[in-house]
Structure formats: structure tokens, C-alpha cells
There are 2 protein chains.
Amino acid sequence: MKSELERFQLQHLSVLNDYLESYLSNLNGERTLKDAMLYSVSAGGKRIRPMLILAICCESRRKIDKDVYAVAASLELLHTYSLIHDDLPEMDNDDLRRGQLTNHKKFGQAIAVLAGDGLLTTAFECIGKTNLDDSIKATLMSALAKAAGPQGMVSGQVADIQGENKQLTLAQLQELHQCKTGALIDYSCYAGGVLSALSAAQQAELHQFAMSFGLAFQIYDDILDVVSTEKQMGKAVHKDQSEHKNTYPELMGLDGAYRQLDAAILKAQASLDILEKMGMKTELLSGFLDYFARRKIK
Amino acid sequence: MKSELERFQLQHLSVLNDYLESYLSNLNGERTLKDAMLYSVSAGGKRIRPMLILAICCESRRKIDKDVYAVAASLELLHTYSLIHDDLPEMDNDDLRRGQLTNHKKFGQAIAVLAGDGLLTTAFECIGKTNLDDSIKATLMSALAKAAGPQGMVSGQVADIQGENKQLTLAQLQELHQCKTGALIDYSCYAGGVLSALSAAQQAELHQFAMSFGLAFQIYDDILDVVSTEKQMGKAVHKDQSEHKNTYPELMGLDGAYRQLDAAILKAQASLDILEKMGMKTELLSGFLDYFARRKIK
């Protein structure tokens, strides 16, 4: 039997994907650029970040209309830019992503840089085109820029590169991950809350959930790199170890990493319990915890 | 004797530069990233785009306060990102920019990509942090994203790469330049107009001015590449020809390019005459035409 989250995903994933494809297809501009952006955006992926936005709107009984899809889509556009740049030869130098050739392997390095630049920039355009109130647009664009920029995701990317072949402490590793993946997950929850007009207290607790969920997500991703196969993941695995990347399993062994994961999940669940007392539904968010953080690799 | 534009630049350039440096210095985040962003932003340059915003505010008698500087600064942050990515080995592969080593020559390719990403993203953050009305913030951020994104500057970049070693027609070359440099110059004028609460008719004529000015600017830049020295320009010259880039002098010879330049300047001046009849001052904008478009290289 399908879980509530699986039913929710089935209901919304294809609408979101259609929205993304039609948004990019309808842009004017250079053809190769459009092809390159579409290539990476259409490659699939779990769409966790936009799904978090949609789920929070649903749990808060906010109607999931075209504007909500647009905000969710803008986040996936931005996330995809980060993957394209991350895969570049000067960065992680990856050949496979989401089960297909990486953008620069398919279109060449120059187009891949520009496809990333285009996706990042149009993420803001995508929010600007909605019919949301100007105050909501301004709030979301500002928050997205902060989360993705030099105080957020990009800072984490640089810290990751600078930390290679060095042994970071647990605190440094947490700080790195908070920027690199935590900031955008935090933004997902915030954006869902803004769209749903949640109270300040609800937003504050949702932020707590986002921090724990983001941590669990990152630890889980680190674990997957150790225990899974390339076929399961659709991208190269066992890379962290061979490149002396700083990860939870590297720092504290696989068992230690699983223990940290469990602790983060418990904290996230505690936040959901509080949110439920504040009047939100939490079945879907709880499902995210189950699905993405507790799933064991066979 | 100094022209009104030179006095204006003297008055505002150092305030703008201080704003840029203090904005970047006050960001939290990874140290190397900040250094790399500051390195390229602090390298100087003519600051034409932000100066256009400031000049339009001045001509419209809009007070040049901190918010105006912020919007002007955000545009320079974004412009600097485009220079950093443009200089990358996979793009123009330049070693010198604004008289110093290019970002990737100084910090390595990975940091240069990320410094560009950081500057692009924080340009939106910079507008979001102002005390302007939400409606103005949303308008400016949306317009900036459109001008800089896959329907604007990035599209022009890709068209430029795709057009190498091909003979473009004049119409194709104009379309390329309209995206690559015209869109951001158009945004500069638009942003100045929005900040000054110009009427729709004034904005429309300012847009005409921007189109002609942007064209003149680009033709002039093409001519400079042919007739100037590396020392004068602070970057490599004579590159367009050796790399079979599509430029005005390549397409119609140097004399033909000068004729196109003169035509564009005349058109821009005609727009200024109309704007003056609509109640705007135009001495500074006229000075831009003199300074950047009419100046002859010795």
C-alpha cells in the first residue's frame, strides 16, 4: 500500500515536471542554451526541495496553485544550476549525473558554465513572474539569494573545496554542510511557510525541523556514497573516500554516521510533534523523514 | 575644465566603491570566497552601468541615498560576475582584466566559477536588503533577472560562442549585442527610471536611449579592440580578430564601424532631446555619450 507521501508525490511530480519543462521551453533566447538547461532539469531527480515546499503548503491547507508550483520550480532550477557547476572538471569532475552524462560532457564546458548561470538567474525571474503579492515576491527572492549565495550554498561549496585533504572537526563539518545543503533545505521550508502565511512561531519551529532534516539528509547522502553502487545512484559513488572529502563516515566511521543520522531524525520528529500541536498536519513531512532518511540500502 | 559628468563621477565613484567593498566585507561566509569576490570587484573599471543609474536619478532630481547606491552596486556585482566567467579558460581564456590577473589566474578555476556564482546571487540579495518598497524591490529583481538571464545576457554569451568562426549577418550581430551588452545597459536605465518614479512615457524614451547607447557602447568596444594597446586597456587586445569573433570592424571594416557608431550616437542624442522636452535634465547622459562613445584613441 502506498504511503500518503507517495500518493502526494504521484499527484504533484508530473505537474511540477511539466511546469519546469514548459517554463524553460517558453523562454526566448539562444537555442543551445535552452537545450542545455532543459537537458539537466529534465533528467529527473527526486525533487526533494520543491516537494518540501508543496508538502508544507498542503500540510498548512494552502491551495497548491500555479504560483506555488512556480516557487517550487524556481528552487529546482536553482538546485540544478548548482549540480551543473558542481560537476565541472574544475570542481568534482563528474561524468554522470541522474543516470546520464553530465552537462559539460554533453554540451562542453563553456555551455555548461552558462547553462548554470542561466538557471541560477532565471530562478529569480520565475518567482518574479508569479501573481503573488510584491511583498511575498520580494521576501522569497531575498531569502533565496541569501540561502544560495556567498553566505549560504556557495560558501559551503568553497569550504568543501578548501577542506579537501584536510581533517575537519565535527563542528567544521556541520558548518560546511549547513551552508552547502542545509541553507537551501531551510529555504524550502521557509518558502512553504511564507506561501502558507504561517505564524512566526510556526516558522521558527519549521526552521528547527529544516535544520535537523537537512543534517539527516546530508549524513544519509554521505552514507549512500559509501554503501551503494553507481547503478543504484545514477552517478559515481565511493568518490568521497578516494578524494579525501570530509564526510560523516570518514570522520566517525559508518556506525558513528548512522548514530548521528538517528539523532538528527529524532530531533526532526520532535519538531514535527510541536508543529502538530500548533495546528499543522505533519504526515507528509514525517514521510520525508521515513523515505529519505530511514530507508536502508540493501 | 572638468565636464559636469566628470564632476559627477568624482563625487560618486568613491562612495560607490566604498559601498561595494563594505557590502562584500560584511558578508558572512568562507574567507577565500570573499577575497576572490573582492579582488575582482575592487579592481576598478569604469562602473558605467551603476553610474548610469546614479546619473538618471540625478537628472530626474531623485535624491541619491543609500538605497540608490545599493541598487547601483548590485548591478556592478552582477557585471563583475559576468567578467569573471567570461575570462575562464573554457570561455575567452583571458589572463588580464582591469590591469591585473584574471580571477582564475589568481585563485584557480574552481574558486573563480564560485566567486562568479556568489556575485551573481548576492546581486539580488543586495537589492533585497534595501529599505525600498517591496513593489520596487520585486520590480528591480525581476527586471535584473530577465536582463541578465537566459533571455538576456547569458543568451548573448552563448550566441557569441556559437557564432565564432562563422560569418554573422548585421542583423544577427545586432541581436547578439542586444543580449550580451544591451540588456544590462537597458536595465541600468530602467532601474534609474524606477527609482526616480519616471512616467511611462519617460521610461519608454529612456529605453530608446538605452538601446542606442548600448549599441554605440558595443561598437566602440569592438573598435577599441582593434585600435588600442594592451597597456591602454588593461586587458588583452586584438583578440577578436585572431579568434574570428564577430565584431563591427570585422563585418564592415573600421570606417564602416565608425559610421555605425556615429549613427547610434545621433539616435541616442535624439532620445535625449525628447527626454529634455519631457522635463528631465540630460547633461550627464549626454556626457556619457561624449566620454564613452565619441572619445578617439590616440
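Computed from a predicted structure; not experimentally measured. So that the names make sense, note that chain A is the first sequence line, chain B the second, and so on, each numbered from 1.
- Relative ring orientation between A/His85 and B/His85 is described as perpendicular, the plane-to-plane angle rising above 60° on a 0-90° scale split at 30° and 60°.
- Contacts with chain A were tallied for B/Ala138, B/Gly149, B/Pro150, B/Gly116; B/Pro150 has the most, counting heavy-atom pairs under 4.5 Å.
- The contact between B/Ile111 and chain A is made entirely by side chain atoms (from C-beta outward), counting heavy-atom distances below 4.5 Å.
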Trace of the side-chain contact (heavy atoms from CB on, under 4.5 Å) decision for B/Ile161 with A/Leu114
CA-CA 11 Å; B/Ile161 291 172; A/Leu114 291 165; 3.6 Å; yes
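- Between chain B and the options A/Lys137, A/Gln162, A/Met37, heavy-atom pairs under 4.5 Å are most frequent for A/Gln162.
- The environment of A/Lys129 atom NZ is dense: over 12 non-hydrogen atoms of other residues, nucleotides or ligands sit within 6.0 angstrom.
- Put simply, of A/Ala159, A/Ala145, A/Ala148, the one with the most heavy-atom pairs under 4.5 Å next to chain B is A/Ala145.
- No hydrogens or angles considered: nothing links the side chains of A/Glu30 and B/Gln157 as a donor-acceptor pair under 3.5 Å.
- Atom CD of A/Glu125 and atom CE of B/Met141 lie 14.0 Å apart (nearest 0.5 Å).
- Counting non-hydrogen atoms of neighbouring residues, nucleotides and ligands closer than 6.0 angstrom, the NZ atom of A/Lys146 reaches no more than 12 such neighbours.
- Note: B/Asp133 CG to A/Asp134 CG = 9.5 Å, rounded to the nearest 0.5 Å.
- Looking only at side-chain heavy atoms (C-beta outward), A/Asp117 and B/Asp117 come within less than 4.5 Å of each other.
- Contacts between B/Leu88 and chain A at a heavy-atom distance below 4.5 Å involve the side chain alone, from C-beta outward.
- Residues A/Phe124 and B/Leu144 form no side-chain contact, since every pair of their non-hydrogen atoms from C-beta on lies 4.5 Å or further apart.
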List the steps, then state whether side-chain contact (heavy atoms from CB on, under 4.5 Å) holds for A/Lys34 with B/Gln151.
CA-CA 10 Å; A/Lys34 248 158 83 162; B/Gln151 304 192 99; over 6 Å; no
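- With a threshold of 4.5 angstrom between heavy atoms, A/Leu27 approaches chain B through its backbone and through its side chain.
- A/Ser142 and B/Gly128 make their closest contact through OG-CA, 3.3 Å (heavy atoms, listed as atom of the first residue, atom of the second, distance).
- A/Ser155 approaches B/Gly29 most closely through the heavy-atom pair OG-CA, 3.4 Å.
- Across all their heavy atoms, A/Ala110 and B/Glu90 have their closest contact at CB-O, 3.2 Å.
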